[in-house]
Amino acid sequence: MAEQQIPDSNQAYGAEQIQVLEGLEAVRKRPGMYIGSTGPRGLHHLVYEIVDNAIDEALAGYCDQIIVDILPGDVIRVLDNGRGVPVHTHPKMGISTLTVVYTVLHAGGKFGGGAYKISGGLHGVGASVVNALSEWMKVTVYTEGKKYYQSFQKGHPDEEVKIIGDCGEKHGTEVLFKPDGTIFEELVFDYETLLTRLREQAFLNAGINILFRDLRKGEEEATVNELHYEGGVRSFVEHIHKEQGVTLLHENVIYLSAEGKTSTAEVALQYNDKYSENILSFANNLRTIEGGTHEVGFRNALTRVFNDYGKKKNIIKEGDKLSGEDVREGLTAVISVKVQEAQFEGQTKGKLGNTEVRPLVENMVSEKLGTYLEENPAVAKMILEKAMQANRAREAARKARDLTRRKSVLESSSMPGKLADCSDRNPENTEIYIVEGDSAGGSAKQGRQRSFQAILPLWGKMLNVEKARLDKVYSNEKLTPVITALGCGIGEEFDISKLRYGKVIIMADADVDGAHICTLLLTFFYRHMPQLIEEGHVYIAQPPLYKLWKGKTVKYAYTDAERIQYNKDFFENKAEIQRYKGLGEMDPDQLWETTMDPATRTMLQVHMEDAVAADTTFTVLMGDKVEPRKEFIQKNAKFATNLDV
Ligand code: 28F
């Protein structure tokens with residue numbers, strides 16, 4: 001085999017080279033445009049981008065082993081056993097294709113021809129973005145018995161591609177890179193974050209082998225996970241149910257698949273005894289958080305198949321009809337489609353637009369799920385019975401809701417009696433504090449700014465909605481005031497445009513009871529008003545734990561560490577210290593100054609890093625299975641601070 005042509009290094013800067021330089025500078029000037037953010041999420045996207053290239057090589061059928069290592073100094077190493085990035089001279093660019101792939105924007109496999117079209121990544125920004133945002137990158141290609149090597153600094157090649165040795169039969173690509181500390185605020189990789197995403201990729205690409213190791217503490221103390229699931233999306237559903245420890249309605253995951261001309265579709269589904277639904281959809285290995293044509297096709301067919309089967313078997317009475325929500329209660333499903341020219345729409349490009357996918361999924365589910373139910377009547381009956389219970393509860397909920405409405409219409413004001421409303425009616429300026437306990441509620445009402453702050457006192461423990469259907473929610477006298485005060489309804493009635501306050505702030509005691517009330521409210525918001533959390537309206541007030549004073553000097557500490565620090569900084573010998581046991585111990589102006597004044601308060605904004613993790617968290621923490629909760633708390637205890645044990 002003739003030696004690979006390696007172009008000479010002293011050619012003049014052609015138009016292409018100038019384009020390369022401009023491209024790299026553009027990425028370094030506005031990294032957020034290419035990787036979303038320069039925070040932790042952007043940092044972790046760098047890994048996904050490189051790994052997606054290896055997965056593309058696997059999708060093309062040439063690689064079945066990928067190794068991902070976190071090395072000391074937060075360096076990432078990705079190695080695959082594919083064909084190796086081509087090193088020959090690129091016909092158009094006149095330089096090695098390897099250099100093109102790592103320095104020209106959108107030049108990677110994503111935009112080439114053939115199998116390289118089906119890929120995930122940040123919509124194919126390619127490895128050149130990772131290179132541009134790395135302090136350095138080292139690429140080694142094993143191909144045709146030779147080891148080729150090229151290193152870069154901030155995307156710029158240190159020298160031409162060179163042969164650094166022989167490699168026998170070995171083949172593949174290895175990339176090492178260290179993210180640029182002048183671009184990223186945070187350089188520490190989180191093992192669990194990467195593990196979740198790599199495990200997802202192994203589920204979505206059945207049979208692929210990903211070895212993921214954390215070698216930052218050396219080989220002896222390495223954390224190692226081998227991610228390999230022949231069952232693909234079926235294993236994904238099994239994994240979710242295993243983590244949640246839920247009771248299953250039927251033993252086997254139902255698996256459906258279909259091939260179209262330019263796309264493939266797979267669905268794995270299984271029912272559990274919960275009242276919520278958990279449907280995850282993906283297109284080209286990318287999570288489609290806003291749904292799209294694949295999810296629409298799935299939902300339509302699912303509802304139709306169960307209604308048709310139920311009527312045919314006289315399980316559903318004439319005139320009755322199950323709604324989409326009824327047939328999805330207790331459902332965990334993973335929908336994965338792979339399309340040649342994926343069209344992503346929506347605010348965060350999280351919605352699949354390809355029209356050809358909807359009939360592909362809809363027909364697949366109609367035919368294949370219909371057949372499955374005919375062949376498994378016992379399973380069909382279990383699922384239908386649960387759906388019909390959901391239907392009856394929904395009917396009851398409608399009645400309870402209408403009753404509450406009629407009652408509140410009859411009453412003078414349609415707002416709950418306990419609500420101390422604010423005068424401003426523009427949600428952009430207003431906030432509502434949901435306060436635990438009447439005494440704290442009293443202090444809050446006196447201490448607040450009534451122009452933009454509303455107060456709704458709650459008393460005692462409220463319903464744990466994780467274990468209750470909608471009808472129980474509407475008839476719960478602790479939750480209905482919250483629903484009425486917020487004004488935007490719940491579940492299928494929810495309309496964020498009717499939200500009466502821009503911020504919904506939970507204010508509870510900094511003790512175990514307060515934490516429980518806070519969790520119950522978060523469970524309610526997550527299960528029945530998830531958009532409230534997704535759009536960042538939910539906050540948790542942070543009252544001080546300690547008051548330190550000596551003479552005229554008063555300081556409030558919000559953590560034990562702060563208390564110790566303040567003692568040193570402001571009170572050389574000792575200060576008087578009061579440990580606040582509850583909000584009620586603060587008088588109104590203390591509560592205002594420490595916890596409610598926008599100028600001085602600190603609050604935690606609640607957001608959902610990962611919807612899959614959120615569903616599991618609430619299911620395990622609030623569900624009725626003790627064992628998974630114990631495991632979850634033990635596994636996550638290291639993250640809990642200020643635990644009032
Ligand atoms: C460590 C991460 O990036 N693996 C990759 C390949 C293989 C080919 C390829 C990649 C540019 C425009 C095609 C080899 N032989 N792992 C990786 N493995 N890219 S990235 O081609 C990119 C070309 O179109 C490859 C024949 N065809 C493709």
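Order of listing sets the numbers, starting from 1, for every ligand and every atom in it.
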**Q** What atoms of ligand 1 come within less than 4.0 Å of a heavy atom belonging to V175?
**A**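 In order of numbering, the contacting atoms are 1 (C).
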**Q** Heavy-atom contacts with D80 under 4.0 Å: which atoms of ligand 1 show up? List them by number with element.
**A**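 Listed by number with element, the hits are 4 (N), 5 (C), 16 (N), 17 (C).
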**Q** For Q531, check side chain to side chain donor-acceptor pair (under 3.5 Å) against everything at least two apart and list the hits.
**A**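 Applying side chain to side chain donor-acceptor pair (under 3.5 Å) to Q531 gives E535.
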**Q** Just which atoms of ligand 1 are under 4.0 Å from any heavy atom in G84?
**A**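 Near G84, the atoms of ligand 1 are 7 (C), 14 (C).
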**Q** Any nitrogen or oxygen of T97 lying under 3.5 Å from a nitrogen or oxygen in ligand 1? Just yes or no.
**A**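 For ligand 1, there is no N or O atom that lies under 3.5 Å from one belonging to T97.
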**Q** Give a yes or no answer on whether the side chain of D69 reaches the backbone of L71 with a donor-acceptor pair at less than 3.5 Å.
**A**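 No; zero donor-acceptor contacts below 3.5 Å.
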**Q** Answer yes when D74 and K178 have at least one side-chain N-carboxylate O distance shorter than 4.0 Å, and no when they do not.
**A**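 Looking at D74 and K178, the cut-off is not met.
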**Q** Does ligand 1 have an atom under 4.0 Å from some heavy atom of G172?
**A**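 In this structure, G172 fails to qualify as a contact of ligand 1 - no heavy atom is under 4.0 Å.
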**Q** Pick one of side chain, backbone, both or neither for how I50 approaches ligand 1, counting any non-hydrogen atom pair under 4.0 Å.
**A**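 Answer for I50: both.
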**Q** With heavy atoms only and a cut-off of under 4.0 Å, state how T173 meets ligand 1: side chain, backbone, both or neither.
**A**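 Both of them.
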**Q** Using atom types as modelled and distance alone, determine if a side-chain donor or acceptor of T173 lies under 3.5 Å from a backbone N or O of V85.
**A**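 Yes; judged by distance alone, with no hydrogens or angles, the pair exists.
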**Q** Under 4.0 Å, counting heavy atoms only: does P86 come that close to any atom of ligand 1?
**A**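 Distance cut 4.0 Å: P86 passes for ligand 1.
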**Q** Quick one: does NZ or CZ of K170 land under 6.0 Å from the six-membered ring centre of Y142, within 45 degrees of the ring axis?
**A**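 Yes, K170 lies over the aromatic ring of Y142.
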**Q** Output every pair passing ring pair (Phe, Tyr, Trp, His ring centres under 6.0 Å) with a member in residues 350-372, not counting sequence neighbours, ordered by first then second residue.
**A**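 Checked against ring pair (Phe, Tyr, Trp, His ring centres under 6.0 Å) - neighbours excluded - no pair reaches residues 350-372.
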